Participant: 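Handing you a structure now.
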Amino acid sequence: MNKKQKKVLIRILVAAALMILLVFMPIEGYVRLALFMIPYLIIGYDILKKAVKGILNRQVMDENFLMAVATIGAIVLGEYTEGVGVMLFYQIGELFQSYAVGKSRKNISELMDIRPDYANIEKDGTLEKVDPDEVEIGTIIVVQPGEKIPIDGIIIEGKTTLNTSALTGESLPKDAQAGDAVISGCINMTGVLKIQTTKEFGESTVSKILDLVENSSSKKSKSENFISKFARYYTPAVCYSALALAILPPLVKMILFGLTPGWSEWGDWIYRALTFLVISCPCALVISVPLSFFAGIGGASNVGVLVKGSNYLETLSQVKYVVFDKTGTLTKGTFEVSGVHHNVMEEEALLEYAALAESSSSHPISKSLRKAYGKAIDRDRVTEVEEISGNGVTAKVDGKEVAVGNAKLMKQLGISYKECHQVGTIVHVAIEGVYAGHILISDVLKPHAKEAIQKLKKAGVKNVVMLTGDADSVAKQVAGTLGIDQVYSELLPADKVAKVEELLATKGAKEKLAFVGDGINDAPVLSRADIGIAMGALGSDAAIEAADVVLMDDDPLKIVKAIRIAKKCLRIVHENIYFAIGIKVICLILGALGMAEMWLAIFADVGVMVIAVLNAIRALFVKNL
Ligand code: ADP
Ligand code: MG
């Protein structure tokens with residue numbers, strides 16, 4: 001509890017004690033009123049002040065106003081205990097609410113404990129701690145065991161094991177050594193590292209993730225918009241109903257039956273109207289719905305699922321179609337060379353040309369070719385690189401024109417090529433417009449891919465689709481093994497967009513379509529789908545930018561997890577909406593019929609709010625979903 005909350009608690013205790021004392025004191029008349037004003041003002045002075053301010057600012061219909069009118073009304077009617085009691089309960093509710101919200105905010109920032117406080121820079125043999133924001137690109141920083149890596153960079157000295165659990169939610173240690181790129185937010189576990197930074201702090205992974213989580217609450221879900229609209233109409237509606245309730249029944253009696261109602265009868269109706277006002281404050285809804293989303297997003301980021309807004313969480317919970325990209329999403333994207341065929345030169349030389357031509361591509365195929373080649377790449381030998389998305393690359397290597405890619409690329413360039421009869425991804429190579437042979441490479445499925453697809457179906461997904469730029473034979477084989485419903489192969493990135501649009505047109509309006517990719521050459525599809533999910537975001541800025549939901553590691557099971565988290569969160573939101581509105585309606589009816597006292601009304605209101613807030617906080621716990 002913070003200072004402000006403690007102060008409120010003390011006021012509550014003092015006012016409650018005084019009130020109880022006064023209830024049992026046999027004093028009557030104005031002295032009694034005067035004595036009751038003491039606990040009333042102790043507990044309510046700030047509410048009264050806010051109500052007056054509201055009136056002066058012409059923003060009358062807020063909770064403070066309602067509480068002030070209801071309690072002053074009760075006191076005027078001689079119901080002193082009611083007046084103080086209602087204020088008391090209202091404050092208890094407010095206190096609880098601010099405590100719960102503060103607590104869950106703290107929870108989330110603790111969960112997301114990735115913000116580095118400092119970076120170490122070596123100066124004259126000693127380490128100096130500096131603000132990460134002040135470190136320029138290319139600076140060498142030192143990270144000691146147990147410390148967080150503050151800024152993205154490349155290890156230039158040292159060897160260690162990294163813990164990425166703060167980012168991915170998974171505590172798989174990862175080995176890293178000189179030459180490896182490392183990202184901020186990981187914890188250095190064993191060795192001392194010297195890292196040359198490649199980005200500024202503001203552009204580093206940690207900052208990007210924190211920005212994303214912090215800004216997520218500005219993207220409102222439909223439920224939240226519904227609630228704020230609801231509150232806008234509901235409060236005035238109840239106020240006018242209350243006014244009508246106070247005046248109309250006695251008036252009707254007077255006009256229709258010619259009976260003049262006595263003071264006590266007027267008092268009775270006014271009391272009912274005041275009860276109505278007390279019930280009318282919609283606190284439970286206004287607080288609990290955004291809090292549920294906030295908790296849901298926070299819990300998700302704790303397990304390595306970053307959701308960029310409540311609206312996306314809502315969409316995610318309605319996903320019925322999941323469309324996967326193949327390479328790097330369902331398969332590992334680390335191809336092994338399993339053969340070099342029809343080569344006109346030494347295998348080694350062919351691989352060298354291929355690896356050099358691919359030297360600046362970030363496609364999984366090109367990375368694998370460079371790895372298979374194994375030697376350092378002299379970029380000076382490569383010029384005029386052009387990547388043809390979904391086809392391959394062309395470049396000049398040692399001044400010779402080299403084309404590396406699939407059959408489509410060869411056709412485009414008018415080069416006749418040899419088919420391969422083995423299943424696998426085929427990388428054709430042509431040098432100076434002459435076919436030079438092909439490299440057969442094969443990818444492996446991710447270990448959890450099959451399980452993930454089964455679980456998606458269990459989680460209510462109707463249709464699992466795979467899109468790929470790869471050859472039909474490979475696509476069919478992968479889809480068969482994994483149990484995928486529909487496959488489309490040999491697609492260019494633009495064809496993928498068209499396919500997704502086709503699928504979007506066939507599904508129902510309430511059914512949402514998610515596209516899952518790795519962010520490499522599929523950004524247009526990610527943004528076209530109802531919801532774009534990028535996986536393996538550790539280290540890929542493109543993926544973080546393009547997607548609505550970002551999975552920090554590349555485990556396909558995380559997709560199932562993301563959907564389950566979203567469903568749980570939305571279930572909680574709906575529970576709260578129905579529960580709170582239900583109880584309100586019952587209370588309003590009872591109040592209008594004169595069957596609920598003001599006491600009961602405030603008690604019900606605070607009770608509903610406490611339950612709704614506690615329920616909302618459940619959305620934070622998603623670890624074992
Ligand atoms: P996927 O849809 O499976 O993710 P892509 O659209 O990334 O595949 O690529 C489709 C095909 O295009 C690959 O199977 C490969 O044949 C070819 N290709 C794309 N980029 C490259 C590259 N850099 N080098 C060689 N071939 C490539
Ligand atoms: Mg791809």
Side-chain angles (χ1 to χ4, degrees), residues 323-335 337 350-351 353-373 377 382 385-395 397 402-413 415 417 419-420 423-430 436-446 449 465-479 482 484 487-500 515-526 533-536 540 542-543 546 554 556:
V323 181
F324 283 99
D325 189 35
K326 178 181 74 82
T327 311
T329 308
L330 289 171
T331 66
K332 280 191 174 169
T334 47
F335 296 83
V337 173
L350 190 73
L351 254 172
Y353 274 114
L356 281 168
E358 296 269 12
S359 60
S360 44
S361 164
S362 61
H363 196 276
I365 290 183
S366 76
K367 281 188 192 157
S368 309
L369 287 176
R370 292 200 298 269
K371 196 169 154 225
Y373 170 58
I377 283 180
V382 194
V385 180
E386 196 178 335
E387 179 146 9
I388 302 136
S389 195
N391 277 330
V393 294
T394 58
V397 177
V402 179
V404 185
N406 55 15
K408 269 195 234 156
L409 181 73
M410 294 297 124
K411 277 185 205 150
Q412 241 178 56
L413 298 174
I415 298 165
Y417 58 93
E419 300 273 352
C420 188
V423 176
T425 302
I426 293 109
V427 183
H428 297 285
V429 184
H438 59 236
I439 305 167
L440 177 69
I441 56 180
S442 51
D443 199 355
V444 271
L445 294 177
K446 284 190 186 164
V465 184
M466 186 178 89
L467 304 182
T468 179
D470 210 345
D472 199 40
S473 57
V474 185
K476 288 230 169 76
Q477 191 205 12
V478 170
L482 296 181
I484 284 173
V487 222
Y488 300 97
S489 57
E490 298 178 21
L491 302 171
L492 292 177
D495 302 333
K496 293 184 186 173
V497 176
K499 268 282 169 270
V500 163
F515 179 83
V516 190
D518 57 2
I520 293 171
N521 81 26
D522 49 20
V525 208
L526 280 173
I533 305 177
M535 58 184 345
S540 158
D554 52 14

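Only heavy atoms go into these numbers, but all of them, side chains included; no hydrogens, no water, no symmetry mates. Indexing begins at 1, ligand by ligand and atom by atom, following the structure's order. Computed from a prediction, not measured in an experiment: that's the story for all the values here.
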Participant: Judged on heavy-atom distance to atom 20 (N) of ligand 1, which of Lys408, His363, Lys367 sits nearest?
Facilitator: His363
Participant: Specify side chain, backbone, both or neither for Asn391, according to which of its non-hydrogen atoms lie closer than 4.0 Å to ligand 1.
Facilitator: backbone
Participant: Just to be sure I read this right, does ligand 1 sit under 4.0 Å from the backbone of Ile365, its side chain, both, or neither, counting only heavy atoms?
Facilitator: side chain
Participant: Between Lys446 (side chain only) and Gly328 (backbone N and O only), is there a donor and an acceptor less than 3.5 Å apart?
Facilitator: yes
Participant: Report the part of Asp325 (side chain from C-beta onward, or backbone N, CA, C, O) that has a heavy atom under 4.0 Å from ligand 1; answer both or neither where that applies.
Facilitator: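 Looking at Asp325 and ligand 1, just side chain atoms fall under 4.0 Å.
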Participant: Mind checking whether Gly390 has an N or O less than 3.5 Å away from an N or O of ligand 1?
Facilitator: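 It does: an N or O of Gly390 is found under 3.5 Å from an N or O of ligand 1.
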Participant: Any nitrogen or oxygen of Gly469, side chain or backbone, less than 3.5 Å from one on ligand 1?
Facilitator: yes
Participant: Parallel, tilted or perpendicular, judged at 30° and 60°: which one describes the rings of His428 and Tyr417?
Facilitator: tilted
Participant: Taking the side chain as C-beta and beyond, is there a heavy-atom pair between Ile441 and Val427 under 4.5 Å?
Facilitator: yes
Participant: Under the side chain to side chain contact (heavy atoms under 4.5 Å, CB included) test, which residues partner Ser362, sequence neighbours left out?
Facilitator: Ile520
Participant: If you round to the nearest 0.5 Å, how far is CD1 of Ile377 from CG of Leu356?
Facilitator: 5.5 Å
Participant: With heavy atoms of Lys326 as the reference, note each atom of ligand 1 found under 4.0 Å away.
Facilitator: 3 (O)
Participant: Would you mind running through ligand 1 and noting each atom that sits below 4.0 Å from a heavy atom of Glu358?
Facilitator: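 Counting atoms of ligand 1 from 1, those under 4.0 Å from Glu358 are 22 (C), 23 (N), 24 (N), 25 (C).
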Participant: Would you say ligand 1 has an N or O under 3.5 Å from any N or O of Ser366?
Facilitator: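 Min N/O separation from ligand 1 is not below 3.5 Å for Ser366.
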Participant: Return the minimal non-hydrogen interatomic distance between Val404 and Ala357, and the atom names on each side.
Facilitator: CG2-CB, 3.8 Å
Participant: Please say whether Lys496 places an N or O atom under 3.5 Å from an N or O atom belonging to ligand 1.
Facilitator: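 Between Lys496 and ligand 1, an N or O pair is found under 3.5 Å apart.
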Participant: Check ligand 1 against Ser361 and write out every atom of the ligand that is under 4.0 Å from a heavy-atom position of the residue.
Facilitator: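 Taking each heavy atom of Ser361 in turn, ligand 1 has 23 (N) under 4.0 Å.
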Participant: Which of the atoms of ligand 1 are close to Glu387, meaning less than 4.0 Å from one of its heavy atoms?
Facilitator: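 Counting from 1, the qualifying ligand atoms are 23 (N).
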Participant: Are the side chain of Ser366 and the backbone of His363 linked by a donor-acceptor contact shorter than 3.5 Å?
Facilitator: yes
Participant: Is there a donor-acceptor pair closer than 3.5 Å between any side-chain N or O of Lys367 and the backbone N or O of Gly333?
Facilitator: no
